[in-house]
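Every heavy atom of this structure was used, including side-chain atoms; hydrogens, water molecules and symmetry mates were not. Just so you know, residue 1 is the first one in the sequence shown, and it goes up from there.
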Amino acid sequence: MDALRELNRKILESFFDAAMMAREHRGGLHILGTERHESRRIDNQLRGRAGRQGDPGSSRFYLALDDELMRLFGNTERIQSWMGKLGMQEGENIEHGMVSRAIGHAQSKVEAMNFDIRKQLLDFDKVMSKQREAVYSFRNAVLEGENMTGRLEDMMEESLDEKLALWAPEKAHPEEWDFQSLTAWLARGFETDVKLDFANYHAPADLKTELMDLLQKAFRRRELDLNPETFQQLSRMVLLQVMDTAWVEHLTYLEQLRKGIFLRAYGQRIR
């Protein structure tokens, strides 16, 4: 036991003497890196730790060709082929400018990819900011008690245009229009029972004029049945509920879209 303690003491003294000798001859801090970071800025910051305010220092980095940085972004196959032609064996240390250039090239690829991701994220944020302003502006108008009649009529017309584009497109002949789905939508959403005959119409505009008149009459009738004040209160409640649900679904869709775009960009980089 005493012999082991004496051996440990001698080992520690030898390390201390070597460190003091190195400090006397060279001084400063020596940085040892076990890998290279994806960003050259991080590596340079580590190197900077070795020499602060004019103090001397040194740094040395070690990495292997099968590290993730080199495996994904470095041309390791060409380097391995080149080493094989030179007769280098596996496990042998490699110190060559070609390897250093390959590492720098791999890091530049990662930095460019990260820059694209940040740029796309900024573009997404700009789009989201504009959409958020529009949605919150509309929501505040509803909460502040603005009269919803005009907005509801605009929504009603937009909904009718969407259904006509689906069931009565301009390029289709009136005989090909889907009057069954259209009348079912009118009965379900507006309690309007109407009989439609393709012989009465020559273009979707004629059909839209008649249906818009029917929808406005149904709208006025419902407003009178509930009385205007109650109708406005119910309209605001329904609008807020539908708007909040649609906004959450929209945010979820955009998040999935953003992840998908980033994965596609990442896949193109590593190919």
Side-chain angles (χ1 to χ4, degrees), residues 28-86 88 90-140 243-271:
L29 178 66
H30 182 67
I31 300 296
L32 282 178
T34 57
E35 62 179 351
R36 293 288 288 270
H37 196 271
E38 292 181 350
S39 173
R40 288 170 292 184
R41 177 177 57 84
I42 304 298
D43 290 340
N44 292 334
Q45 287 179 348
L46 290 174
R47 292 189 182 98
R49 295 291 186 273
R52 288 293 181 179
Q53 298 180 354
D55 291 339
S58 60
S59 63
R60 189 173 184 85
F61 288 82
Y62 295 89
L63 73 159
L65 293 180
D66 55 356
D67 285 351
E68 185 176 4
L69 175 66
M70 297 297 295
R71 181 173 56 84
L72 294 180
F73 300 97
N75 194 356
T76 56
E77 295 180 357
R78 186 166 64 92
I79 297 176
Q80 291 175 351
S81 175
W82 172 76
M83 289 189 302
K85 293 179 181 179
L86 293 180
M88 302 187 71
E90 184 177 357
E92 187 175 350
N93 294 338
I94 307 171
E95 293 187 7
H96 196 277
M98 181 180 180
V99 180
S100 299
R101 289 192 296 271
I103 296 171
H105 184 63
Q107 288 178 317
S108 65
K109 281 186 176 181
V110 180
E111 290 171 355
M113 186 192 70
N114 292 335
F115 175 79
D116 291 340
I117 291 176
R118 291 192 297 269
K119 185 176 181 298
Q120 290 178 2
L121 182 60
L122 181 60
D123 294 338
F124 267 97
D125 289 341
K126 290 181 179 178
V127 174
M128 286 297 301
S129 178
K130 293 182 179 179
Q131 294 179 351
R132 191 179 296 110
E133 289 178 1
V135 171
Y136 287 174
S137 176
F138 186 19
R139 198 173 190 278
N140 290 334
M243 189 188 311
D244 292 345
T245 302
W247 179 241
V248 171
E249 293 176 354
H250 180 67
L251 291 178
T252 303
Y253 171 75
L254 285 183
E255 181 65 23
Q256 294 174 352
L257 177 63
R258 184 176 66 177
K259 290 181 179 179
I261 292 175
F262 288 168
L263 288 175
R264 287 173 61 88
Y266 185 77
Q268 291 170 1
R269 288 290 179 181
I270 64 177
R271 282 202 299 269

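- Smallest separation of non-hydrogen atoms from Met243 and Val135: SD-O, 3.9 Å.
- Between the side chain of Thr252 and the main chain of Val248, a donor-acceptor pair closer than 3.5 Å is present.
- Scanning for side-chain hydrogen bond (donor to acceptor under 3.5 Å, both in side chains) contacts around Arg132 gives an empty result, with sequence neighbours left out.
- Considering only heavy atoms from C-beta on, Gln131 comes within 4.5 Å of Leu254 through its side chain.
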